Amino acid sequence: MSKTNHFDVQSTKICVLCGRPDDCTEKYGEKRTYVEYNLTVHYYCLLMSSGIWQRGEEDEGVDGFLITDIRKEVKRAAKLKCNICKKKGASIGCVAPKCKRSYHFPCGIQRECIFQFMEDFRSYCWEHRPVQEFMDKEPRGASQCTICLDLVEHLPVYTVLKSPCCKNAWFHRECLQYQALSAGIFFFRCTVCNNKDKFQNEMLRMGIHIPERDASWELEENAYQDLLHCYQHCDVKRCLCKKGRDYNEPDSKWEIQRCQYCGSRGTHLACSSLKSWEQNWECMECRSIFAKSGKYSKQKRRASSASANSNGTPCLLDEPPPKSPRQSSGSPRRFLLQSPKMMCQNLSPCSHLEQPASNRVTVSPSPVMSNWNWSLRHKYLSQQRKEVCNILKELKVQVQTKTTRLNINAENIWSSALKGFRQRIFSPTNTIEVNFSNCKNRSKTNTSSASKHHFFQVLMLHLQNSSLFEGSFGKNLSLDFQALKENLYFEAGKMIAVSLVHGGPPPGFFSKTLFKCLVYGPENVKPVLEDVADVDVAQTIKTIKFANSLSSLQSTLQDCCEFLTAAGCLRPVTALCDKNMLVNDILIYHVIKRITLPLESFRQGLKTLGVLEKMQTHPGVFSSIFCYKPERLSAETVYNLFTIHSSSDVNQVEGADFWMGYLQDVESGDSVVTLEDILLFVTGSSYIPAIGFDPEPTIKFLRIRYPNGNRLLNCLELPRTKTYQQFKNKMELTIRNTLRVERE
């Protein structure tokens with residue numbers, strides 16, 4: 001939840017609801033003091049109070065609780081006596097029928113009441129609180145809590161909780177609460193079986209608070225900083241480099257190459273007769289391990305033949321010195337694309353920058369760690385996109401069966417789309433049909449789902465490259481006076497909202513700064529240097545930022561005095577540290593204040609069909625489709641997208657293995673078609689919409705001669721064949737010819 005700008009956290013103030021000065025975030029939530037309202041309150045005390053609701057927006061009052069409502073609740077609670085401490089001010093009541101017990105939040109915690117941080121935020125006293133069901137046959141011994149590793153007794157008491165998904169998983173309540181606060185809603189799950197949904201529902205019912213935010217380790221700055229250091233030392237017995245074993249010169253024979261398996265040994269290229277850094281090299285220890293396992297013989301023969309053909313210095317790898325601590329290795333460019341931390345800290349969310357050769361050895365984690373980072377980020381984004389899909393489906397309920405037809409000129413999609421969205425009969429809640437026409441022959445295509453998918457795809461691509469946005473990868477809004485005059489920013493926001501709800505692709509090109517401005521408001525966002533697209537302005541900011549003396553800083557300010565005056569950022573500078581505030585002022589002006597009108601207009605457009613409201617309610621999940629490019633289709637993604645309909649088990653369906661093998665061949669390039677072609681053949685779309693497919697894609701294995709794609713049902717009907725080659729030939733012939741006819 002967003003925070004207001006006028007509060008301090010002070011341990012000496014007492015909470016107006018519970019009357020305690022305690023400042024324990026884990027137990028009572030964040031304690032805030034609002035100076036201008038003379039108000040101090042625990043966040044959990046406010047959430048659980050029985051007579052108050054969030055009637056305001058997120059940025060109003062205290063996270064949506066209006067100040068007037070809080071004061072009314074304090075007056076109401078002042079008349080109620082706590083059944084535990086016998087003092088006035090008991091704002092929380094048990095929701096059980098006919099129960100009239102009232103208590104303060106800290107008192108309720110002490111008396112083992114249950115507070116449910118979900119739905120209506122119900123509270124139950126010690127007598128009516130929900131309990132977990134225990135089978136009579138369950139052992140009443142003790143087992144190890146998998147969080148703290150101490151013993152926990154199998155007893156139906158408040159301090160002990162049992163996993164709903166694992167028979168022998170028991171936890172201390174306190175351990176689970178700390179785990180939930182640390183992991184957040186996206187990573188809190190059963191520590192034994194990794195179940196998420198069932199486990200979270202039960203823990204919420206039993207009073208565990210799971211905050212709606214990212215995990216604490218994801219929010220920690222420089223959490224993966226150690227991975228950015230790579231091993232740079234030549235470990236061969238006799239190093240030929242005159243400048244020493246630690247000398248490393250990229251793109252030369254003195255560049256250090258690390259072991260492709262462990263990454264914790266290195267050699268100069270010249271010291272091991274390597275022609276380039278792209279050539280693989282293994283250290284002696286890894287070679288011995290592979291030799292003992294019998295998996296190294298083929299590689300050894302290939303290495304011997306390569307050595308025989310080269311005229312370089314013979315390999316000097318006899319017995320290297322003892323191993324240094326294991327460091328990271330691997331492909332730097334792959335790491336830049338895959339590491340979520342690098343994405344968040346140094347690059348724009350959609351960035352695909354390549355490091356120059358001089359930097360190649362400075363950023364390279366081990367292959368295992370790099371793959372782990374990629375896998376973690378992939379799973380995280382996939383989970384986020386699934387949640388976005390469900391939210392967009394809720395918004396699609398507004399769409400009616402009444403249709404609106406858009407006549408789109410294939411040669412000028414933007415103008416015809418703008419005309420269609422501005423026509424009086426257009427309504428975002430109507431079902432959209434698209435007709436493509438050509439100015440030369442006036443021929444029209446059918447109004448199939450393929451036309452609509454293609455229209456939204458091309459429209460989003462045009463918006464990404466239009467003058468409304470600036471930047472190379474993660475884009476921000478630009479200042480285009482003509483577009484502002486023609487209200488194009490509003491139309492762009494409206495088009496993106498309509499595209500998301502009606503089955504278009506996710507945008508995927510927003511910068512995090514732009515996304516935060518839309519969700520949290522521009523006043524709560526701090527831009528960074530990477531948000532500046534203007535090269536001259538960026539250079540000016542860099543010059544100010546890296547000035548190393550007061551005289552050089554003042555000289556720079558004199559040179560750009562006119563620019564600073566126009567931006568309203570000109571200020572007297574008396575110390576070198578003043579440059580930080582100046583840089584911040586320039587960034588806020590150029591990235592945010594300068595585009596205030598376009599931003600507001602764009603936000604109004606995004607309110608179409610309630611999209612912006614959902615973005616503000618679920619910022620974490622929506623950032624996955626606005627700030628990150630959609631993942632490229634893979635064989636696994638396409639395979640999981642389809643449900644195989646059969647009366648028998650999926651693994652035993654005749655041809656199911658052929659289908660999986662064919663997808664793998666297509667992904668590896670051993671096919672004349674692509675995964676996008678397969679998706680287009682079945683659904684009419686070459687991408688997976690942010691809202692998903694409706695109906696969900698299915699597969700049927702039938703006794704037919706050739707495959708058939710039913711786009712109305714998103715159903716792929718596949719023939720049963722005796723051999724895989726027959727299956728592959730029929731698939732490629734049908735898909736290639738069908739799509740070729742459509743394109744012609």
Side-chain angles (χ1 to χ4, degrees), residues 3 5-6 8 219-225 228-229 250 332 336 341-351 353-363 469-481 510-517 520-599 627:
K3 302 176 184 178
N5 297 326
H6 307 288
D8 299 317
L219 301 175
E220 181 182 351
E221 292 187 7
N222 300 323
Y224 299 127
Q225 193 66 31
L228 306 183
H229 300 284
L336 286 176
K341 281 293 175 184
M342 285 297 296
M343 282 288 186
C344 298
Q345 293 173 1
N346 299 328
L347 301 179
S348 58
C350 306
S351 180
L353 299 178
E354 294 188 1
Q355 287 284 359
S358 59
N359 295 337
R360 187 166 59 238
V361 297
T362 59
V363 187
F469 297 91
E470 62 182 14
S472 301
F473 300 102
K475 293 179 177 286
N476 291 295
L477 289 177
S478 64
L479 181 59
D480 188 326
F481 290 105
F510 284 31
S511 72
K512 287 199 171 182
T513 298
L514 174 57
F515 182 78
K516 289 177 181 178
C517 285
Y520 303 116
E523 66 279 0
N524 298 316
V525 178
K526 185 177 180 180
V528 294
L529 184 58
E530 286 74 13
D531 292 319
V532 180
D534 190 302
V535 178
D536 294 331
V537 176
Q539 185 59 45
T540 299
I541 296 175
K542 286 181 181 178
T543 306
I544 296 174
K545 183 176 181 179
F546 297 111
N548 52 15
S549 66
L550 182 59
S551 59
S552 63
L553 176 60
Q554 291 175 338
S555 176
T556 302
L557 297 184
Q558 280 186 343
D559 295 339
C560 58
C561 178
E562 186 176 347
F563 166 74
L564 294 176
T565 303
C569 301
L570 189 62
R571 60 169 67 239
V573 175
T574 57
L576 186 60
C577 61
D578 292 342
K579 66 179 183 180
N580 298 325
M581 189 175 296
L582 183 59
V583 167
N584 187 53
D585 288 347
I586 299 174
L587 286 173
I588 291 176
Y589 164 75
H590 188 79
V591 179
I592 295 179
K593 290 184 178 180
R594 190 173 60 97
I595 53 108
T596 300
L597 293 178
L599 179 64
C627 299

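Keep in mind that what you see is a predicted model, and the values were worked out from it rather than measured.
- Put simply, CD1 on Ile541 and CG on Asp534 are 9.0 Å apart, with the number rounded to the nearest 0.5 Å.
- Thr556 places a side-chain N or O within 3.5 Å of a backbone atom of Ser552 that can act as its donor or acceptor partner.
- The heavy-atom pair separating Ser511 from Asn476 by the smallest distance is OG-OD1, 2.5 Å.
- The shortest heavy-atom contact between Gln554 and Val573 is NE2-O, 3.3 Å.
- Panel note: side chain Lys579, backbone Ala547; a donor-acceptor pair is recorded below 3.5 Å.
- At a threshold of 4.5 Å between non-hydrogen side-chain atoms, the residues Phe469 and Leu477 count as touching.
- Between Ser551 and Ser549, the side chains place a donor N or O and an acceptor N or O closer than 3.5 Å (distance only, hydrogens not considered).
- Residue Lys593 holds its NZ atom at 12.0 Å from CG of Leu587, rounded to the nearest 0.5 Å.
- Side-chain contact between Leu599 and Pro522 is present, with at least one heavy-atom pair separated by less than 4.5 Å.
- Across all their heavy atoms, Leu553 and Ala575 have their closest contact at CD2-O, 4.2 Å.
- The closest donor-acceptor contact from the side chain of Asp531 to the backbone of Pro527 lies at 3.5 Å or more, if one exists at all.
- Judged by distance alone, the side chain of Asn584 and the main-chain N or O of Asn580 form no donor-acceptor pair under 3.5 Å.
- Taking a cutoff of 4.0 Å between a charged side-chain nitrogen and a carboxylate oxygen, Lys516 and Glu523 do not qualify as a salt bridge.
- Between Lys512 atom NZ and Cys517 atom SG the span is 14.0 Å, to the nearest 0.5 Å.
- Put simply, SG on Cys577 and CG on Leu582 are 12.0 Å apart, with the number rounded to the nearest 0.5 Å.
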